[in-house]
Amino acid sequence: MRTAQVSRNTAETQITVSINLDGTGVSKLSTGVGFFDHMLDQIARHGLIDLDIQAKGDLHIDAHHTVEDVGITLGQALARAIGDKKGIRRYGHAYVPLDEALSRVVIDFSGRPGLIWHVPFTRAMIGEFDVDLAREFFQGLVNHAAMTVHVDNLGGDNSHHQCETVFKAFGRALRAAAERDPRMGEGIPSTKGSL
């Protein structure tokens, strides 16, 4: 079982993340940001990843520090859980629709952090959730998981649908990239011999 637990404690946030990459999609989420919990649940369920994320942050200011720091902590936990990357598929992609919205996410466990983000949200807020925070979450995650992630929202009129398709597609792509390839054995999916 590829698991990890990471805690992050700062003057702004106190966060603990537990992850099981070989789980069944069970999640226990409490960030204090309801819509964000809903999005994290999409990653768990569609990625078949067990996630336990407990976060307390300075929400009296806004949700920025909490969302960004959850991304950082989840990225660190993901890096630990994926380990030396022996035998994984390395690459994963997914297209996910939700009514009129469609998003594509492509992942490479490259060892090099990079986020390419093309998500033209149709409005600035989803309830009380600032849509800019979606990118902040993924930026923190990819930086600390050392992975390359391309995110493209290919269409959509409803920002809730746009955001949800991004998180669902990320979960599906993550599941594919982290999956063990029986033909790979203990090999590293790189001509360099390491990732």
Side-chain angles (χ1 to χ4, degrees), residues 1-8 15-29 39-54 68-97 102-119 134-154 164-195:
M1 299 288 267
R2 296 173 296 168
T3 63
Q5 180 172 315
V6 175
S7 294
R8 176 180 172 85
I15 298 166
T16 300
V17 172
S18 297
I19 187 171
N20 177 359
L21 291 177
D22 301 308
T24 59
V26 174
S27 65
K28 184 179 177 186
L29 307 164
M39 294 300 100
L40 293 170
D41 190 39
Q42 304 307 320
I43 294 174
R45 287 179 187 265
H46 292 277
L48 291 180
I49 296 163
D50 294 346
L51 276 181
D52 185 336
I53 300 176
Q54 305 299 310
E68 181 179 35
D69 285 8
V70 166
I72 290 169
T73 313
L74 179 55
Q76 292 170 341
L78 180 56
R80 286 189 193 175
I82 203 75
D84 60 13
K85 304 174 189 167
K86 287 182 179 177
I88 67 167
R89 295 194 185 276
R90 177 178 171 177
Y91 303 104
H93 71 275
Y95 287 80
V96 171
L102 174 65
S103 290
R104 174 185 61 217
V105 174
V106 183
I107 289 176
D108 177 9
F109 274 108
S110 61
R112 298 179 301 278
L115 176 65
I116 297 81
W117 180 267
H118 299 113
V119 184
R135 181 176 184 152
E136 293 300 321
F137 165 75
F138 282 106
Q139 190 69 69
L141 190 155
V142 302
N143 285 351
H144 291 268
M147 60 197 300
T148 301
V149 178
H150 290 252
V151 180
D152 295 281
N153 174 246
L154 304 174
E164 190 164 330
T165 58
V166 165
F167 277 80
K168 285 178 175 176
F170 178 79
R172 288 267 173 178
L174 180 59
R175 175 180 167 186
E179 185 177 53
R180 293 188 186 277
D181 184 345
R183 295 177 62 201
M184 181 65 66
E186 290 297 307
I188 298 287
S190 171
T191 55
K192 297 175 185 176
S194 67
L195 287 169

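Just so you know, these numbers use all the heavy atoms, side chains as well, and skip hydrogens, waters and symmetry mates. It should be emphasised that the depicted structure is a prediction, and the values quoted were computed from it without experimental measurement.
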> What residues, two or more places apart in sequence or in another chain, satisfy side-chain hydrogen bond (donor to acceptor under 3.5 Å, both in side chains) together with H118?
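Once residues adjacent in sequence are excluded, the partners of H118 under the side-chain hydrogen bond (donor to acceptor under 3.5 Å, both in side chains) criterion are D152.
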> Under the rule for side-chain contact (heavy atoms from CB on, under 4.5 Å), what residues qualify as partners of A81, not counting sequence neighbours?
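If we apply the side-chain contact (heavy atoms from CB on, under 4.5 Å) test to A81, skipping adjacent residues, the hits are A4, I19, L21.
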> Is there a side-chain contact between R8 and H144, using heavy atoms and a 4.5 Å cut-off?
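Answer no - side chains too far apart.
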> How would you list all residue pairs meeting ring-ring contact (aromatic ring centres under 6.0 Å, His included) that involve residues 176-195, not counting sequence neighbours?
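Non-adjacent pairs meeting ring-ring contact (aromatic ring centres under 6.0 Å, His included): zero.
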> Checking side chain to side chain contact (heavy atoms under 4.5 Å, CB included) between D50 and each of T3, D22, T24, which is the one that passes?
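Testing D50 for a side chain to side chain contact (heavy atoms under 4.5 Å, CB included) against T3, D22, T24 leaves exactly one candidate, T24.
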> Decide yes or no for L174 and M147: does some side-chain heavy atom of the first lie under 4.5 Å from some side-chain heavy atom of the second?
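The answer is yes, as the side chains (C-beta and beyond) meet within the 4.5 Å cut-off.
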> Tell me, please, which residues at least two apart from F109 pass ring-ring contact (aromatic ring centres under 6.0 Å, His included).
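Testing F109 for ring-ring contact (aromatic ring centres under 6.0 Å, His included), a comparison that skips the adjacent residues, returns none.
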> Determine whether P97 and L102 make a side-chain contact, defined as any pair of heavy atoms from C-beta on separated by less than 4.5 Å.
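A side-chain contact exists here, since the closest heavy-atom pair is under 4.5 Å.
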> Looking at residues at least two apart in the chain, or sitting in another chain, which of them share a salt bridge (Lys or Arg N to Asp or Glu O under 4.0 Å) with R135?
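If we apply the salt bridge (Lys or Arg N to Asp or Glu O under 4.0 Å) test to R135, skipping adjacent residues, there are no hits.
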> Do other residues, nucleotides or ligands put more than 12 heavy atoms under 6.0 Å from R45 CZ?
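Check fails, neighbour count at 12 or below.
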> Test R2 against every option in I49, L78, I82 by the side chain to side chain contact (heavy atoms under 4.5 Å, CB included) rule and name the one that passes.
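That would be I82; it is the only one of I49, L78, I82 passing the side chain to side chain contact (heavy atoms under 4.5 Å, CB included) with R2.
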> Applying side-chain contact (heavy atoms from CB on, under 4.5 Å), can you list everything that pairs with V6, at least two apart in sequence or on another chain?
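Scan of V6 (side-chain contact (heavy atoms from CB on, under 4.5 Å), adjacent residues dropped) gives T73, Q76, A77, R80.
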> List the residues meeting side-chain contact (heavy atoms from CB on, under 4.5 Å) with S190, not counting sequence neighbours, and say none if there are none.
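Scan of S190 (side-chain contact (heavy atoms from CB on, under 4.5 Å), adjacent residues dropped) gives R90, I188, K192, L195.
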> Quick test of your reading: applying ring-ring contact (aromatic ring centres under 6.0 Å, His included), list the pairs with at least one residue in residues 167-192, sequence neighbours left out, ordered by first then second residue.
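Output for this query lists F137-F167, F138-F167, F138-F170.
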> Can you tell if the side chain of V149 reaches within under 4.5 Å of the side chain of L141, non-hydrogen atoms only?
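The answer is no; the side chains never approach within 4.5 Å.
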> Who are the side-chain hydrogen bond (donor to acceptor under 3.5 Å, both in side chains) partners of Y91, not counting sequence neighbours?
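side-chain hydrogen bond (donor to acceptor under 3.5 Å, both in side chains) check on Y91 returns nothing, list empty.
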> Enumerate the salt bridge (Lys or Arg N to Asp or Glu O under 4.0 Å) contacts for residues 165-176, please, sequence neighbours excluded, ordered by first and then second residue.
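The answer is E164-K168.
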> Going by side-chain contact (heavy atoms from CB on, under 4.5 Å), name the residues that satisfy it together with D52, two or more places apart in sequence or in a different chain.
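Testing D52 for side-chain contact (heavy atoms from CB on, under 4.5 Å), a comparison that skips the adjacent residues, returns S18, K28, Q54.
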> Does some side-chain heavy atom of V151 sit less than 4.5 Å from a side-chain heavy atom of S103?
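Answer no - side chains too far apart.
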> For T16, give me all partners under side-chain hydrogen bond (donor to acceptor under 3.5 Å, both in side chains), at least two apart in sequence or on another chain.
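Here the qualifying residues are S7.
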> With a 4.5 Å heavy-atom cut-off, do V70 and L40 have their side chains touching?
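Counting from C-beta outward, V70 and L40 do come under 4.5 Å.
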